[in-house]
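Data first, discussion second: the structure below is written as structure tokens.
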Amino acid sequence: MSGIESVLKETRRFPPAASFVEHATVPGREAYNVLCDKAVNDYEGFWGELARELLHWQKPFSRVLDSSQAPFFRWFDDGELNASYNCIDRHLPHKANKTAIIFEADDGQVEHISYQQLHDRVARFANGLLSLGIGRGDRVVIYMPMVPDAVVAMQACARIGAIHSVVFGGFSAGAVRDRVQDAGAKAVITANEGLRGGKSVPLKATVDDALADAACPTVQHVIVLQRTPAQPAWQPGRDLWWHELTQGQADHCPPVAMNAEDPLFILYTSGSTGKPKGIQHSTAGYLLGALNSYRWIFDAKENDVFWCTADVGWITGHSYVAYGPLAFGATQIIFEGVPTYPDAGRFWQMIERHKVSIFYTAPTAIRSLIKLGAKLPQQYDLSSLRLLGSVGEPINPEAWMWYYEVVGGSRCPIVDTWWQTETGSHMIAPMPGSLDIKPGSCTLPLPGILADIVDEAGAPVEPGKGGFLVIKKPFPSLVRTIWNDPDRFKKTYFPDEFNGEYYLAGDSANRDEDGYFWILGRVDDVLNVSGHRLGTMEIESSLVANPLVAEAAVVGKPHDIKGEAVVAFVVLKDARPEGEEARRIAAELKNWVAHEIGKIAQPDEIRFGDNLPKTRSGKIMRRLLRAIAKGEAITQDVSTLENPQILDQLQQTQ
Ligand code: PRX
């Protein structure tokens, strides 16, 4: 880990206001310490108690943790429950008419959906799925716009025991195809079109592309929500309108009793290879993590209006839109559009309009909104806010201060939440009524999360020294396996280097003298672009699949808004292009990647070389490419380089 050192020297700290602490779910540092001690002293008792207290069980569990098949840990595994029942039905006796979802459409139209209405919509859709023969254990891919129906689809799957796999609506046909194939999906749920920023997104056409040429033989049905009047191409027998499927269906559908360890969903995420990983989450452990962290970290109260801006295509949209807030019985916003349409005041206007009290977004959104209108929030009444959150990437202290002062009026704690698709719920984040916060630090682990920073040998490192972020004990919401690939699961997350005991997060971090965690970034070949995880190998494989390309290497470089931008170094099969031709081919390759994976993976910059810098054994030296991408002089050792002259060429192409 040499070279991983923090350069941040942040000394500001902000204690929670006494008025906040007074009403906090976990009030004060002492209350936090008590919970942490309880977890350490009786780990299983701690989690078992939370699981009994927070979840409704159709059959109670008698055993908390089974480690006999480690690292394939099992939690509460003789218990039975239903996630959809826990998110909806159990609230009906006392809050059937409470608003579960406030939906604001791209064009500003608003719809309030009560828990009873949500129940009925989920039940009708679940019955529709059952009528098609979709049931327990079947995989269903959801490729939807950010509308309440996306949550209805997820909840309906959970209700009947089908395993959903949501694919972000910004991914392209190739990405949809890979995920449908890997999951062996029986059905795809989509919409004719989505609406974002006044433009339509042809989701159904992309699904058609993904399924073309009999590429996905497992898919029997494509269910299409009619979001706009557009009439998409139709394959009779396979394609069905959502409204026709649900017509006449009963608004009652018994929730299936699922085993605690039955998979609730699969969500694909990037790793160090070209193939995305199907992160498989359990029913009980996952739901417990989502609900409990929602309660603790957002200091949730019955009257809050919660708004997490993430799309359901990402883990944040699973845990803090589709499951956590609903399991709590909260009122939350679902927003179809983008923060900059019709102008960069949209978020602030919506906070005013719906009296949002808890707002959870990503640093990339904060940075772009600062750039587009740092003073805009002052034009709106944001006094309803009481808590702010950040997720997806480290937040730089300037953006943090702006968020704190301008958006939060210096009165709202900021919860900077570190976690991952694999962890299912918050791991390191401040309990807002317990801990002082520091701009840029995600502070301390949640009680029951035994996070640490270790060196290559697994030994803890001293404060201020960088190392691997690990979690030393399994916890309920941890990924159970990689769908269809248990070996990769073991190798990636519980590697032999640490005796197979620690969960290896793939991030580097360090701790300050207060024990606060500061995340430094990924240690593997994964980029974080606008808070989204992209595998460099995935982008490289896509580039190499282009007939013009012989070889490609992808690295990240710092970017003001996105955090990191994609830079590709490409060797063509023909001679290295220059001038106008280089620009034309670069544009063509950028479009190619957008088409193969999605616009989020599109390189910002493409540089052509006759070759790539390689060691004598043929390994591409990415650290040199990273330095070139950043425009830095190369001061590193290049003695192992096979072809040192290539560096000059790659530097010049700027
Ligand atoms: O590198 C960390 C970064 O995002 C990665 C997880 O990405 P993903 O699975 O897509 O989930 C994103 C939403 C939870 C982590 O390995 N990351 C996430 N949150 C933070 C963060 N880095 C620093 N600070 C955070 N709060």
Side-chain angles (χ1 to χ4, degrees), residues 4 6 8 10 166-168 170-171 266-272 276-279 281 286 289-290 293-294 297 308-321 323-324 360-367 388-397 399-400 403 414-430 437-446 449 451 453 466 468-471 477-479 482 492-493 503-510 516-535 538 556 562-564 600-601:
I4 297 187
S6 174
L8 263 178
E10 177 59 64
V166 185
V167 178
F168 173 56
F171 278 122
I266 305 166
L267 181 61
Y268 286 85
T269 191
S270 298
S272 304
K277 303 178 279 196
I279 299 301
H281 277 290
Y286 169 79
S293 56
Y294 177 76
I297 300 303
C308 163
T309 65
D311 189 280
V312 286
W314 309 108
I315 190 68
T316 310
H318 280 61
S319 305
Y320 303 108
V321 179
Y323 289 105
Y360 188 38
T361 195
T364 185
I366 298 169
R367 288 191 298 265
L388 300 173
S390 170
V391 58
E393 52 181 315
I395 178 165
N396 43 313
W400 193 102
Y403 197 31
I414 295 180
V415 289
D416 178 350
T417 58
W418 178 84
W419 60 296
Q420 308 177 295
T421 305
E422 291 87 341
T423 69
S425 61
H426 299 150
M427 295 285 109
I428 310 180
I437 45 178
K438 303 183 190 184
S441 169
C442 51
T443 74
L444 297 177
L446 275 69
I449 302 302
I453 301 171
F468 298 102
L469 181 53
V470 295
I471 301 175
S477 69
L478 182 64
V479 47
I482 295 176
T492 311
Y493 301 118
Y503 167 72
L504 181 67
D507 278 347
S508 59
N510 67 22
Y516 276 33
F517 285 73
W518 298 78
I519 307 296
L520 303 172
R522 300 286 308 186
V523 286
D524 50 11
D525 289 326
V526 171
L527 305 180
N528 190 328
V529 178
S530 301
H532 300 312
R533 224 204 271 193
L534 295 173
E538 251 170 288
K562 301 184 196 178
E564 232 175 338
I600 46 169

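In each ligand, atom 1 is the first atom listed, and ligand 1 is the first ligand listed. Nothing fancy with the numbering, it's 1 onward along the sequence.
- Only the side chain of N528 comes within 4.0 Å of ligand 1, counting heavy atoms alone; its backbone N, CA, C and O stay farther away.
- Remark: the backbone N or O of P276 is not paired with any side-chain donor or acceptor of S270 at under 3.5 angstrom.
- Checked by distance only, ligand 1 and T316 stay at 3.5 Å or farther apart across all their nitrogen or oxygen atoms.
- For the residue pair I297 and V415, the shortest heavy atom distance occurs at O-CG1, 3.5 Å.
- Annotation for ligand 1: atoms under 4.0 Å from non-hydrogen atoms of I519 are 22 (N), 23 (C).
- Atom numbering of ligand 1 starts at 1 in the shown order; those under 4.0 Å from a heavy atom of V391 are 13 (C), 14 (C).
- Taking only nitrogen or oxygen atoms, main chain and side chain alike, R533 reaches within less than 3.5 Å of ligand 1.
- At least one N or O atom of G392, backbone or side chain, sits closer than 3.5 Å to an N or O atom of ligand 1.
- Residues I366 and W400 form no side-chain contact, since every pair of their non-hydrogen atoms from C-beta on lies 4.5 Å or further apart.
- In this structure, the side chains of M427 and Q420 stay at 4.5 Å or more apart for every pair of heavy atoms.
- Between T269 and ligand 1, no pair of N/O atoms sits closer than 3.5 Å.
- Using cut-offs of 30° and 60° on the angle between ring planes, the pair H318 and Y323 is tilted.
- Residue contacts with ligand 1, taken as heavy atom pairs separated by less than 4.0 Å, involve P394 via backbone and side-chain atoms alike.
- Between Y320 and Y360, the ring-plane angle classifies as perpendicular under the 30° and 60° cut-offs.
- Using a 4.5 Å heavy-atom cutoff, the side chains of T364 and H532 are not in contact.
- Ranked by closest heavy atom to atom 15 (C) of ligand 1, the top entry among L267, D507, D524, T421 is D507.
- Short contacts between ligand 1 and T417, defined as distances under 4.0 Å to a heavy atom of the residue, involve ligand atoms 19 (N), 20 (C), 25 (C), 26 (N).
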Handout entry: Evaluation steps, side-chain hydrogen bond (donor to acceptor under 3.5 Å, both in side chains), between Y286 and S319
Key = CA-CA 8 Å; Y286 169 79; S319 305; 2.8 Å; yes

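- Given atom 6 (C) of ligand 1, the protein heavy atom at minimum distance is W419 O, 3.7 Å.
- I600 is listed as a side-chain neighbour of L534, based on a closest heavy-atom distance under 4.5 Å.
- Residue contacts with ligand 1, taken as heavy atom pairs separated by less than 4.0 Å, involve R522 solely via side-chain atoms from C-beta onward.
- Contact annotation: the side chain of Y493 approaches that of K277 to within less than 4.5 Å [non-hydrogen atoms, C-beta and beyond].
- With a 4.0 Å heavy-atom cut-off, ligand 1 is reached by the backbone of Q420 and by its side chain too.
- The N/O atoms of E422, backbone and side chain alike, include none that comes under 3.5 Å of an N/O atom in ligand 1.
- Given atom 20 (C) of ligand 1, the protein heavy atom at minimum distance is E393 N, 3.5 Å.
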